[in-house]
Amino acid sequence: MRGLGIIGLNNSLLRATVVSRPETTLRVLLLHPDSDAAARRAAEIGETAEQMATGIRVAEASLRALADQGGKVELYFYSTLAVWRIAAVDSVLYVSSFDTKWEGHESQITKIVGSPGGALYAGFHRMLTELFATSARVL
């Protein structure tokens, strides 16, 4: 959605890995800061649309800085309501949900490993593929 803790802040979890591994491409989907979905999600968690948009723009600026430091970064904006929070690392997905009662980082995380006939993995992977294909690339 806005990815601040995972990648959007200078001390977030993935930044050092992306810079230290030039063969790694980081692909990020963020909620479009000016979308109706961002305003709706902000209201769900008790924020203003402006607060939500600002957080997303902080993450965008941080990703641009990461790219300037040599990280291979692709950033896309999507405009649908965030329901799932998904981090994909190779053939492993880490999935949690957004709800009207909590943010994604407050949700239980489920690890889903790709396997033959793994319908849940296939469904989430297909959803990510579709989001990347239909979202606007901004970096």
Side-chain angles (χ1 to χ4, degrees):
M1 189 172 76
R2 65 180 151 191
L4 288 175
I6 295 174
I7 194 63
L9 299 176
N10 287 337
N11 63 348
S12 62
L13 301 173
L14 296 177
R15 295 180 75 81
T17 300
V18 173
V19 171
S20 68
R21 293 184 177 177
E23 73 282 1
T24 299
T25 300
L26 177 66
R27 296 174 69 208
V28 179
L29 286 159
L30 294 179
L31 188 55
H32 192 294
D34 300 319
S35 67
D36 291 339
R40 182 175 165 195
R41 184 63 187 142
E44 288 179 351
I45 60 172
E47 291 186 8
T48 67
E50 182 181 3
Q51 288 170 310
M52 176 67 71
T54 298
I56 296 167
R57 287 188 179 99
V58 166
E60 177 188 7
S62 185
L63 289 167
R64 288 183 186 282
L66 178 60
D68 290 344
Q69 295 168 357
K72 289 176 24 183
V73 179
E74 295 179 11
L75 174 60
Y76 300 79
F77 281 158
Y78 66 96
S79 296
T80 59
L81 186 66
V83 177
W84 299 105
R85 181 181 189 201
I86 304 171
V89 180
D90 298 327
S91 63
V92 178
L93 301 176
Y94 298 91
V95 180
S96 61
S97 68
F98 294 105
D99 190 64
T100 58
K101 300 174 189 79
W102 63 76
E103 292 196 55
H105 68 271
E106 297 172 318
S107 177
Q108 175 182 339
I109 297 172
T110 302
K111 179 181 177 180
I112 303 172
V113 179
S115 63
L120 194 57
Y121 178 89
F124 280 117
H125 189 270
R126 183 176 184 193
M127 184 182 73
L128 278 177
T129 300
E130 181 66 11
L131 271 172
F132 279 113
T134 59
S135 297
R137 184 168 178 187
V138 295
L139 176 64

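Keep in mind it's a predicted model, so treat the numbers as computed, not measured.
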In plain terms, say whether R126 and E130 are close enough for a salt bridge, that is, a side-chain N and a carboxylate O under 4.0 Å apart.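 Here R126 does not pair with E130 in a salt bridge, since their nearest N and O are not under 4.0 Å apart.
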Under 4.0 Å between a Lys/Arg side-chain N and an Asp/Glu carboxylate O for E60 and R57?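 Looking at R57 together with E60, the answer is no, because their closest N to O distance does not fall below 4.0 Å.
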Are W84 and F98 close enough that their ring centres sit under 6.0 Å apart?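 When the ring centroids of W84 and F98 are compared, they turn out to be at least 6.0 Å apart.
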Mind checking the [atom1]-[atom2] spacing from [X] to [Y]? Nearest 0.5 Å is all I need.
X: T129; Y: H125; atom1: OG1; atom2: NE2; result: 4.5 Å
X: L63; Y: D68; atom1: CG; atom2: CG; result: 11.0 Å
X: F132; Y: M127; atom1: CZ; atom2: CE; result: 10.5 Å
X: R41; Y: I56; atom1: CZ; atom2: CD1; result: 11.0 Å
X: I112; Y: S91; atom1: CD1; atom2: OG; result: 12.0 Å
X: L93; Y: L120; atom1: CG; atom2: CG; result: 8.5 Å

Between [X] and [Y], what is the shortest heavy-atom contact and its length?
X: A49; Y: A39; result: CB-CB, 3.9 Å
X: Q108; Y: S96; result: O-CB, 3.3 Å
X: A67; Y: L139; result: CB-CD2, 4.4 Å
X: S135; Y: L29; result: OG-CD2, 3.7 Å
X: L31; Y: Y78; result: N-CE2, 3.3 Å
X: A37; Y: S79; result: CB-O, 3.6 Å

Step by step, would you call Y94 with T110 a side-chain contact (heavy atoms from CB on, under 4.5 Å)? CA-CA 6 Å; Y94 298 91; T110 302; over 6 Å; no
Do other residues, nucleotides or ligands put more than 12 heavy atoms under 6.0 Å from the CG atom of D90?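 No - once you tally the heavy atoms of other residues, nucleotides and ligands closer than 6.0 Å, there are 12 at most.
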Taking it one step at a time, do D99 and V83 satisfy side-chain contact (heavy atoms from CB on, under 4.5 Å)? CA-CA 7 Å; D99 190 64; V83 177; over 6 Å; no
Can you find a heavy atom in the side chain of [X] that is under 4.5 Å from one in the side chain of [Y]?
X: M52; Y: I45; answer: yes
X: F77; Y: S35; answer: no
X: K111; Y: V92; answer: yes
X: F124; Y: V95; answer: yes

My understanding is that only residues two or more places apart in sequence, or in another chain, count here; which of them pass side-chain hydrogen bond (donor to acceptor under 3.5 Å, both in side chains) with E74?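 Only R27, Y76 meet the side-chain hydrogen bond (donor to acceptor under 3.5 Å, both in side chains) criterion with E74.
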Kindly write out the residues that satisfy side-chain hydrogen bond (donor to acceptor under 3.5 Å, both in side chains) with T48, not counting sequence neighbours, or none if the list is empty.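 Residues passing side-chain hydrogen bond (donor to acceptor under 3.5 Å, both in side chains) with T48: Q51.
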Check the hydrophobic clustering (I, L, V, M, F, W, Y; side-chain heavy atoms under 4.5 Å; chains of links allowed) and say if L131 and V73 are grouped together.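 L131 and V73: one cluster.
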Residues two or more places apart in sequence or in another chain: which of them pass salt bridge (Lys or Arg N to Asp or Glu O under 4.0 Å) with D36?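 Per chain and number, D36 pairs via salt bridge (Lys or Arg N to Asp or Glu O under 4.0 Å) with no residue.
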